Amino acid sequence: MHRSSIKQLITRLHAQPPYAHTISYSAPHSNALVFSNMLNFFHSQMGAQNDVVTLFAQMQKSGLWPDVFVYPTLIKSVGNEGIVLHAHVLKLGFGCDKYVRNAMMDMYAKCGPIEVARQLFDEMCDKTVADWNVMVSGYWHWGCEVEACNLFDLMPQRNVISWTTMITGYSKVKDLKSARRYFDEMPQKNIVSCNAMLSGYAQNGFAEEAMGLFNEMMNSGIQPNATTWVAVISSCSSLGDPCLAESLVKMLDEKHVHLNYFVKTALLDMHAKCGSLETAREIFDELGVRKNSVTWNAMISGYTRVGDLTSARELFDRVPKRNVVSWNSMIAGYAQNGQSAMALELFQEMAATKDFKPDEVTMVSVLSACGHLGALELGNWVVNFLTKNRIKLSISGYNSLIFMYSKCGSMNDARKVFQKMAARDVISYNTLITGFAVYGHGSEALKLMFKMKDEGIEPDRITYIGVLTACSHGGLLEAGRKIFESIENPGVDHYACMVDLLGRVGKLDEAKILIERMPMNPHAGVYGSLLNACRIHKRVDLGEVAAEKLFELEPQNSGNYVLLSNIYASRGRWEDVERVRKAMREGGVRKTTGWSWVEYGGKMHKFIVGDRSHARSGDIYCLLAELRKKMRNAGYIADKSCVLRDVEEEEKEEMVGTHSEKLAVAFALLVSEAGAVIRVVKNLRVCWDCHMAIKMISELERREIMVRDNNRFHCFSSGQCSCNDYW
DNA sequence: TTAGGGTTAG
């Protein structure tokens, strides 16, 4: 089309809103081609959309209208504005140009609606391969697998791009087998198609397959480029193999590979995940001003992975442009390193900033933290937050909900979430099974395992640990035996569970034989189970054998000394008790302090024996005295096992706050003090006095109170404890 | 003209 005719068209457009505001045309006085080339340059080299738009505006100001070659670029860059452009294209008569037409269709295919793309596609009578490819790619983009496949099958001719589109399509839906099928079938491969397959593997956790393909590529003489290296390096990261990391670094060096920004970031992450945090930090520092949020985040999670929360936090506080991932990395860092309270605090800070919307990843960490704290009240608040903020959950999100409810003892809620899920994975089952196991619901756990098999989900290592634990806690000896025998290659943990099961039901000699026949070296868990069984059944001979092994395996674990000492005590062998205690003192082994917490008023209150740091400490001790008096009057006398401290005069401060609040907090302290006994004696019946006190409070309160000690969760309602067997 | 790139979670 000649320039003068374009001028005429545009002049006409002036009179027709809404186009009038877009175009201010005057006589051309500069070279349109120069601008066009610049536009193309900005778009293809820099990916700088804003610059394209600015330049476009500039062109208009200068009175230039871009020629036909610029249209594809423009349409890609301006997104929805492209619809206006589409109108221009048609009015200007460029609709028949095959490149413009293809780009236009691609715009609709990528930005939607896909139906418009299809309409354009169907209207074409001289379709090129590129048109077919754009359409197939568009269908994949919108998750229309069937349509994509049908169209691919109908293609009159295919090129390497058509095949590659299918490979990436299947990779995106995590169907790597189909992706590989297309990869193997394609008549010709190039570096891009290899990279598509390689990245598919890398992004879906098939690191070994990625490494395999990389070796094939190297043997077939295809030269890797930066994209290849990024995929290979990130596969190595997920394998966490330091030797592989070292050989990759060597290879990069030998081949004199230019390390671009992406390769460097991938290398940073690889070093952080393969144990060389110093090297990762060197790369991080070398990047200087070129660091972006991804590099910062990778470094932060590098530190949290090794538990160095101080360095992680120091970086987090310095990130110039935080994004959701920065917050998620730090919150997950706290949650995974036992700092649940800090994780929740940071989450609240994040929610308060309003600049960042917490996403599913954030909530997974937050729910995990609630679970670890046993904070049901807070957990329910989080569930509310999810609905209010319309945060959509995938399987892993629902799994963390199951985890939270299970850890908080709300097995009914955990089950409800599980039932509501449209799709479940092995972790969904494992989380619920483990929950049932902890609470001794053996048959429920077993039922779930059969259900998962029916649904075609294979039980894994964790499933069997869960089910065996459930049998152990539920006293299901025969069922446990059968399951153990059905495990193909039982691991050391499965043996530990079986020893625990046999030991708890009193079959100690059988447990001993099982240990002797183990094909691998037993770890501390195996002997620990045996020692615990010896404590339950007062077996000194076997207990000594187990303890001896444990002192070798974990000399600093005070629990083993205490258990052995208690076995002696149960038989009245006081000299041996003293001998063990002396060995403990001389070995510098210190008892770990007992602690517990309660959730009250949405806050977590943590208590250590003898600790006075709690803000309500004065009240607590006052109330403790009252309780003690009541208990004595009721005929319950606190003995040495249950430390009920005398209240000192100066602690009798004036009461502040409501009575119920004080009761709840006092209750916590009481359990805390019993907690020390629980941990040491491991026989909860000695805490009878505490139990009575707790019952009294919950009766008085006439409401549910939830408490967690180190290992278990208790729910008291009108004086009834949900874990009666526990006490 | 259409295909391939790094970080976070159970």
Side-chain angles (χ1 to χ4, degrees), chain A residues 69 71-73 75-76 97-106 109-110 127-138 140 158-169 171 186 189-200 202-203 225-234 237 260-270 272-273 292-302 304-305 323-333 335-336 359-368 371 393-404 425-428 430-431 434 462:
Chain A
F69 305 109
Y71 269 99
T73 307
I75 292 162
K76 272 180 87 139
D97 183 278
K98 64 178 180 176
Y99 299 119
V100 176
R101 196 181 63 175
N102 183 272
M104 190 66 74
M105 201 174 81
D106 194 31
K110 297 265 159 49
K127 297 179 188 69
T128 64
V129 191
D131 296 323
W132 286 84
N133 288 344
V134 161
M135 210 52 233
V136 173
S137 160
W140 276 116
R158 303 176 185 115
N159 61 11
V160 64
I161 297 173
S162 330
W163 290 92
T164 310
T165 307
M166 294 306 279
I167 296 168
T168 25
S171 298
M186 68 193 291
K189 296 175 179 64
N190 63 10
I191 183 65
V192 179
S193 53
C194 288
N195 286 344
M197 193 64 237
L198 202 58
S199 306
Q203 282 160 22
N225 63 14
T227 307
T228 322
W229 288 113
V230 169
V232 172
I233 293 167
S234 74
S237 308
N260 74 11
Y261 180 77
F262 289 113
V263 180
K264 276 187 186 164
T265 311
L267 273 173
L268 184 158
D269 188 53
M270 180 186 79
K273 283 181 178 150
N292 68 4
S293 16
V294 178
T295 28
W296 282 90
N297 297 343
M299 203 62 227
I300 290 171
S301 52
T304 62
R305 201 171 294 114
N323 60 14
V324 182
V325 181
S326 325
W327 287 91
N328 288 352
S329 305
M330 200 60 230
I331 293 171
Q336 282 158 25
D359 63 6
E360 189 190 1
V361 180
T362 325
M363 302 323 282
V364 166
S365 293
V366 169
L367 285 167
S368 160
L393 296 186
S394 67
I395 295 185
S396 59
Y398 282 109
N399 289 349
S400 51
L401 267 176
I402 299 175
F403 175 82
M404 185 274 287
D425 62 8
V426 65
I427 297 162
S428 327
N430 289 353
T431 313
T434 308
I462 312 278

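These figures come from a predicted structure and were not determined experimentally. A note on names: the letters A, B, ... follow the listed sequences, proteins ahead of strands, and every chain is numbered from 1. Any value given below was found using the heavy atoms of this structure, including those in side chains, with hydrogens, waters and symmetry copies removed.
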Review point. Is A:Ser193 reaching over with its side chain to a backbone N or O of A:Lys189, donor-acceptor style, under 3.5 angstrom?
Key: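 Between the backbone of A:Lys189 and the side chain of A:Ser193 there is no qualifying donor-acceptor contact (under 3.5 Å).
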Under 4.0 angstrom, heavy atoms only, what part of the nucleic acid is [X] near: base, sugar-phosphate, or nothing?
X: A:Asn225; answer: base
X: A:Tyr261; answer: base
X: A:Arg305; answer: sugar-phosphate
X: A:Val134; answer: sugar-phosphate
X: A:Ala332; answer: sugar-phosphate
X: A:Phe403; answer: nothing
X: A:Asn399; answer: base
X: A:Lys127; answer: nothing
X: A:Val230; answer: sugar-phosphate
X: A:Asn260; answer: base
X: A:Asn190; answer: base
X: A:Thr168; answer: sugar-phosphate

**Study point:** A:Tyr398: ring pair (Phe, Tyr, Trp, His ring centres under 6.0 Å) partners, not counting sequence neighbours
**Key:**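 In terms of ring pair (Phe, Tyr, Trp, His ring centres under 6.0 Å), with neighbours along the sequence ignored, A:Tyr398 is linked to no residue.
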Practice item. Please test A:Ser396 against A:Asn399 for side-chain hydrogen bond (donor to acceptor under 3.5 Å, both in side chains), starting from the C-alpha separation and ending with a verdict. Key: CA-CA 5 Å; A:Ser396 59; A:Asn399 289 349; over 6 Å; no
Whole-Å distance separating the [atom1] atom of [X] from the [atom2] atom of [N]:
X: A:Leu401; N: B:dA9; atom1: CG; atom2: P; value: 18 Å
X: A:Ile233; N: B:dT7; atom1: CD1; atom2: P; value: 11 Å
X: A:Trp140; N: B:dT2; atom1: CH2; atom2: P; value: 20 Å
X: A:Met299; N: B:dT8; atom1: CE; atom2: P; value: 13 Å
X: A:Tyr99; N: B:dT2; atom1: OH; atom2: C1'; value: 11 Å
X: A:Trp296; N: B:dG6; atom1: CH2; atom2: C1'; value: 17 Å
X: A:Asn292; N: B:dG6; atom1: CG; atom2: P; value: 13 Å
X: A:Met363; N: B:dT8; atom1: CE; atom2: C1'; value: 15 Å

Check your understanding: Do A:Asn297 and A:Asn323 have a side chain donor and acceptor closer than 3.5 Å?
Key ->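 The criterion, which ignores hydrogens and geometry beyond distance, is satisfied for A:Asn323 and A:Asn297.
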Could you check which of [options] has an atom nearest any side-chain atom of [X]?
X: A:Phe262; options: B:dG5, B:dG10, B:dA3; answer: B:dG5
X: A:Lys273; options: B:dT8, B:dA9, B:dG4; answer: B:dT8
X: A:Ser234; options: B:dG6, B:dG4, B:dG10; answer: B:dG6
X: A:Ser137; options: B:dA3, B:dT1, B:dT7; answer: B:dA3
X: A:Ala130; options: B:dT7, B:dA3, B:dT2; answer: B:dT2
X: A:Asn328; options: B:dT8, B:dG4, B:dA9; answer: B:dT8
X: A:Val325; options: B:dG4, B:dT2, B:dT7; answer: B:dT7

Exercise for review: To the nearest 0.5 angstrom, please state how far the CZ atom of A:Arg305 sits from the CD1 atom of A:Ile300.
Suggested key: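 Interatomic distance, A:Arg305 CZ to A:Ile300 CD1, rounded to 0.5 Å: 12.0 Å.
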Review point. Could you state the interatomic distance from CD (A:Gln203) to CG (A:Leu198), rounded to the nearest 0.5 Å?
Key: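 Reported value, rounded in 0.5 Å steps: 10.0 Å.
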Distance below 4.0 Å between [X] side-chain N/O and [N] OP1 or OP2:
X: A:Gln203; N: B:dG6; value: yes
X: A:Lys264; N: B:dG5; value: no
X: A:Lys189; N: B:dG4; value: no

**Study point:** A:Lys98 with A:Asp131: basic N within carboxylate O range, under 4.0 Å
**Key:**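 Here A:Lys98 does not pair with A:Asp131 in a salt bridge, since their nearest N and O are not under 4.0 Å apart.
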